[in-house]
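Let me begin by presenting the structure, written as structure tokens, before commenting on it.
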Amino acid sequence: MGKTLKRLFTAAVGTAAAWALAVKPRTSGKPDMTEFQKYDFAHRGYWNLRKKIPENSLKAFEEAASRGYGIEMDVRLTRDGVPVVIRDSRLLRLCGAEICVEDSTREELRNYFLSKTEERIPDLREALELVDGQVPVLLDLKSEEENYGMLCSRVSRILDGYDGVFAVQSADPMAVRWFRSRRPEYIRGQVMEYGERCGCGAACTLRDFIRHNLLTNFLTAPDFVTCNVEDRTNISLRLCRFLYRVQTMEWGIHDMEGYELVKTDESLVIFEDMEP
């Protein structure tokens, strides 16, 4: 083997080793996920607009709990520091209003109704009071403009007093790292997805690449990884599962074909618009 080939081989082995270390999840001192693994999870609750049950509403959570499904809910932070349950920062899609959650107070948000129903935007405390430990809860934290520290802190204040089974996850590695440092006993997950397209060129593209390939796991040490079902063959995810046997969760499940596909490799299901 010539010197050039040797250098290439060494470089390839070194890159592979570094990649394997970068995607490493938590492997020691992990919390028990047994109870969590018993459930399928209703994405944003068991919502159905045909029945006037909007996503991320108290009614959607009540329906999910009554059917014995775990509940995935999105959490954002209001201007006055209250964690509320809603997916979008802007209220246009769900409430028809050109305002943002992060620019509004909790009291201001009470004036808006979800998807033309009688349901309002719930805050996290009242959502958890409704669930009351009946089923596990998966909180997907949505940070904006580096408010992850305040968001994680306010959510933790509520979760510290909650007796039910729960886990936290985020697409923002800084939020997941916050829980690693300050609440290591929590079950925490890394959401594998591209960030919002912001038009900032190469920096944005690099950030998206890093997040989509779990290359911050060595910093966040997640207990599980959540991905869209279409990304289940991602090389970093496969490597993470093969080397470390990490628990995975998959969303985007809308039919039994997708459901059975996910179940074949012991991944957890986050479903919507179907009955598993």
Inter-residue atom distance [X].[atom1] - [Y].[atom2], 0.5 Å rounding:
X: E72; Y: F271; atom1: CD; atom2: CZ; result: 11.0 Å
X: I86; Y: E55; atom1: CD1; atom2: CD; result: 8.0 Å
X: L139; Y: C152; atom1: CG; atom2: SG; result: 11.0 Å
X: L130; Y: I71; atom1: CG; atom2: CD1; result: 7.5 Å
X: S181; Y: L219; atom1: OG; atom2: CG; result: 12.0 Å
X: K30; Y: D223; atom1: NZ; atom2: CG; result: 5.5 Å

Is any side-chain heavy atom of [Y] closer than 4.5 Å to one of [X]?
X: P122; Y: V84; result: no
X: L237; Y: D231; result: no
X: L268; Y: F224; result: no
X: Y46; Y: I53; result: no
X: C227; Y: E250; result: yes
X: F166; Y: Y186; result: yes
X: N213; Y: W19; result: yes
X: R110; Y: D123; result: yes

Heavy atoms from other residues, nucleotides or ligands near [atom1] of [X] exceed 12 (cutoff 6.0 Å):
X: E266; atom1: CD; answer: no
X: I235; atom1: CD1; answer: no
X: E185; atom1: CD; answer: yes
X: R154; atom1: CZ; answer: yes
X: R245; atom1: CZ; answer: no

Considering non-hydrogen atoms only, spot the tightest contact between T117 and K52 and give its length.
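What the structure gives for the nearest pair is CG2-O, 3.8 Å.
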
Quick one about [Y] and [X] (side-chain donor to acceptor, distance below 3.5 Å, no hydrogens or angles considered), yes or no?
X: D80; Y: T78; value: yes
X: E144; Y: S89; value: no
X: T34; Y: D32; value: yes
X: Y69; Y: E275; value: yes

E108/I99 under side chain to side chain contact (heavy atoms under 4.5 Å, CB included): CA gap, chis, key distance, verdict:
CA-CA 10 Å; E108 289 170 342; I99 65 170; over 6 Å; no

Are D265 and R238 close enough, and set up right, to give a salt bridge (charged side-chain N to carboxylate O under 4.0 Å, His left out), and what steps lead you there?
CA-CA 11 Å; D265 54 14; R238 285 186 168 185; over 6 Å; no

Count I, L, V, M, F, W, Y as connected when their side-chain heavy atoms are under 4.5 Å apart, and connections chain through other members. Are [X] and [Y] then in the same cluster?
X: L124; Y: M150; answer: yes
X: L114; Y: W47; answer: no
X: V85; Y: L94; answer: no
X: L214; Y: I270; answer: no

Less than 4.0 Å between a side-chain N and a carboxylate O, is that true for R106 and E126?
yes

Should the pair R44-D140 be classified as a salt bridge under the 4.0 Å nitrogen-to-oxygen rule?
no

Would you list the atom pairs, donor with acceptor, under 3.5 Å between side chains in residues 58-66 and any protein atom, with sequence neighbours excluded?
| residue | atom | partner | partner atom | Å |
| --- | --- | --- | --- | --- |
| K59 | NZ | E63 | OE2 | 3.3 |
| E63 | OE1 | R67 | NH1 | 2.4 |
| S66 | OG | E62 | O | 3.4 |
| S66 | OG | E63 | O | 2.8 |

Output all residues satisfying side-chain contact (heavy atoms from CB on, under 4.5 Å) with T27, sequence neighbours left out; order by chain, then residue number.
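Residues passing side-chain contact (heavy atoms from CB on, under 4.5 Å) with T27: K24, Y244.
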
Validation row, ring centre F179 to ring centre Y148 under 6.0 Å:
no

Passes side chain to side chain contact (heavy atoms under 4.5 Å, CB included), L91 versus L109? Steps please.
CA-CA 9 Å; L91 298 189; L109 292 179; 3.8 Å; yes

